Chemist: 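The following block contains the structure, expressed as structure tokens.
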Number of protein chains: 2
Amino acid sequence: MPLAHSGPILAAPDLDSVVRAVRARGLRVTAARRAVIETLFVAAGPVSVEEIASGLGGARSTVDDASVYGNLETLEELGLVRHVHLGHGPGKWTLADRARREYLHCERCGASRAVEPSLLAPSREAIRAATGYEARFTHFPIVGLCPQCAREGREGEPG
Amino acid sequence: MPLAHSGPILAAPDLDSVVRAVRARGLRVTAARRAVIETLFVAAGPVSVEEIASGLGGARSTVDDASVYGNLETLEELGLVRHVHLGHGPGKWTLADRARREYLHCERCGASRAVEPSLLAPSREAIRAATGYEARFTHFPIVGLCPQCAREGREGEPG
DNA sequence: GTGTCTGCAAAACATTTGCAAATGC
DNA sequence: GCATTTGCAAATGTTTTGCAGACAC
């Protein structure tokens, strides 16, 4: 079942399948590891290390920051989770198959909104054709000016 | 010679014109401020705070980190300098009119390369038409897989 | 039983803040 | 002369590292 960039398929694996994948790679399923995965699983969107460590989403126990960092790194290496940046500052974490949305971020007022994926398709194709790179626009937001700030910028400028 | 989407044209000014702009805004031209600007001016590309503070590029004196941060923030607010991120980690700083290149960054091996601006034009237009945002792809790199890592990814995957 | 993982404490970085002294205008 | 700006020192916030004990398998 292909999860990758192309497919519209939304595989949304259950928690057990993630846990199984962890075990399949030879990693141990500890309470801390399970709590991290559960938090990512129940979260509405990408979450911070802080949120994961404090057991947001009702994880039974709390997990030490250092262990959260370690686990996220390990799980990211396995391709099970990803981190994304929604603006400046520390990243947020999510299950790998959920990191599919591209965002616009206004550099002046900080406003943020998701982008209709089809808008990026032409450039993604052009980049692939010209450079061979498979571009994902999901990791960092696309920075620019929102309509209002763009307007103000054009008026306000002295000359 | 069109440099950008719209905005006030600010073309490769000499050092003095930047200094004049600073004074014109009512800011004082101190030794530290001048050193920061000079470093940005002579640098081959975007530079780190560390590099600026240590007087890379032959600035006569060294400038305290805190002062560099303060100056960069002030100058960015005036629109004279910008910071960009070329990968993960702390940003790098450059004169505003020089922050025009878009980069591809491989999330697996870290390879980086500039993008031919025309490749992004279609999506920039589509985004403007659909959302009103003026997208700049220069602030964060576009993350993805370089040709080689993309190939390995496709082969290596277990299933 | 053994090697992995955890929590805790401390270190390493990047950045911000507070403030008295220095200095551009 | 006076407000702005500086350097220094300390605080903050995030992430990494070291390590003895706990625990999954």
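Keep in mind the model is a prediction, meaning the values are calculated, not measured. Proteins come first, then strands; the chains are lettered A, B, ... in the order of their sequence lines, and each starts at number 1. Any value given below was found using the heavy atoms of this structure, including those in side chains, with hydrogens, waters and symmetry copies removed.
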Chemist: Quick one: side-chain hydrogen bond (donor to acceptor under 3.5 Å, both in side chains) partners of B:E73, sequence neighbours excluded?
Modeler: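 For B:E73, no residue satisfies side-chain hydrogen bond (donor to acceptor under 3.5 Å, both in side chains) once neighbours in sequence are set aside.
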Chemist: Name all residues meeting the side-chain hydrogen bond (donor to acceptor under 3.5 Å, both in side chains) criterion together with B:T94; count only those two or more places apart in sequence or in a different chain, and write none if there are none.
Modeler: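 B:T94 satisfies side-chain hydrogen bond (donor to acceptor under 3.5 Å, both in side chains) with no other residue.
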Chemist: Counting the atoms with a prime plus P, OP1 and OP2 as sugar-phosphate, which does B:T74 contact under 4.0 Å by heavy atoms, base, sugar-phosphate, or nothing?
Modeler: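 It contacts nothing in the nucleic acid.
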Chemist: Suppose the criterion is side chain to side chain donor-acceptor pair (under 3.5 Å): which pairs have a residue in residues 27-36 of chain B, not counting sequence neighbours?
Modeler: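 As it turns out, the side chain to side chain donor-acceptor pair (under 3.5 Å) pairs with a partner in residues 27-36 of chain B, which skip direct neighbours, are B:R33-B:N71.
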Chemist: Would you mind building the protein contact string for nucleotides 15-25 of chain C? One character per nucleotide, 5' to 3', B for base within reach (heavy atoms under 4.0 Å), S for sugar-phosphate only, - for untouched.
Modeler: BBB-----BBS
Chemist: Expressed in angstrom and rounded to an integer, what is the separation of A:E50 atom CD from D:dT15 atom P?
Modeler: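 In whole Å, D:dT15 P and A:E50 CD are 11 Å from each other.
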Chemist: Any non-hydrogen side-chain atom of A:L40 less than 4.5 Å from a side-chain atom of A:L72?
Modeler: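 In short, these two side chains touch, coming nearer than 4.5 Å.
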Chemist: Once you round it to whole Å, what is the distance between P of C:dC5 and CG of A:L75?
Modeler: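 Value for this atom pair: 10 Å.
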Chemist: How many whole angstroms separate atom CD1 of A:I52 from atom P of D:dT15?
Modeler: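 It works out to 11 Å between those atoms.
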Chemist: Would you say the side-chain atoms of B:R98 pair up with the backbone N or O of B:P46, donor to acceptor, closer than 3.5 Å?
Modeler: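 Not a single qualifying donor-acceptor pair exists.
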Chemist: Hydrophobic clusters join Ile, Leu, Val, Met, Phe, Trp and Tyr when side-chain heavy atoms are under 4.5 Å apart, directly or via other members; which others share one with A:I127?
Modeler: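 The other cluster members (ILVMFWY side chains, heavy atoms under 4.5 Å, direct or chained) are A:L104, A:V115, A:L119, A:L120, A:Y133, A:F137, A:I142, B:L104, B:V115, B:L119, B:L120, B:I127, B:Y133, B:F137, B:I142.
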Chemist: Starting at atom CG of A:L72, determine the distance to atom P of D:dT16, rounded to an integer number of angstrom.
Modeler: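 Checked: the CG to P distance equals 10 Å.
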Chemist: Sequence neighbours excluded, which residues qualify as salt bridge (Lys or Arg N to Asp or Glu O under 4.0 Å) partners of B:E107?
Modeler: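 If we apply the salt bridge (Lys or Arg N to Asp or Glu O under 4.0 Å) test to B:E107, skipping adjacent residues, the hits are A:R82, A:R136.
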Chemist: Identify, with sequence neighbours excluded, every residue that meets side-chain hydrogen bond (donor to acceptor under 3.5 Å, both in side chains) alongside A:Q148.
Modeler: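 By the side-chain hydrogen bond (donor to acceptor under 3.5 Å, both in side chains) rule, A:Q148 matches A:E152.
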Chemist: Which residues satisfy the ring-ring contact (aromatic ring centres under 6.0 Å, His included) test with A:F140, sequence neighbours excluded?
Modeler: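 Here the qualifying residues are A:H85, B:H88, B:F140.
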Chemist: Just to be sure I understand the rule, does B:T62 reach a base, reach only the sugar-phosphate, or reach nothing, if contact means heavy atoms closer than 4.0 Å?
Modeler: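 If one applies the 4.0 Å heavy-atom cut-off, B:T62 turns out to touch the sugar-phosphate alone, with no base involved.
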Chemist: What is the distance from CZ of A:R25 to C1' of C:dT4, rounded to the nearest Å?
Modeler: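 Spelled out: CZ on A:R25 to C1' on C:dT4 is 18 Å.
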Chemist: Can you give me the bend angle of the helix from C:dG1-D:dC25 to C:dC25-D:dG1? Use the axis through the first five pairs and the one through the last five, nearest 10 degrees.
Modeler: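 Its terminal axes enclose an angle near 30°.
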Chemist: Residues two or more places apart in sequence or in another chain: which of them pass salt bridge (Lys or Arg N to Asp or Glu O under 4.0 Å) with A:E50?
Modeler: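 Here no residue qualifies.
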Chemist: Can you tell me how far C1' of D:dA3 sits from CZ of B:R33, to the nearest Å?
Modeler: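 Answer to the nearest Å: 13 Å.
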Chemist: Shorter than 3.5 Å, N or O on both sides, protein versus nucleotides 20-22 of chain D: list them out with atom names.
Modeler:
none

Chemist: Who pairs with A:E76 by side-chain hydrogen bond (donor to acceptor under 3.5 Å, both in side chains), at least two apart in sequence or on another chain?
Modeler: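 For A:E76 the side-chain hydrogen bond (donor to acceptor under 3.5 Å, both in side chains) partners, ignoring immediate neighbours, are A:H83.
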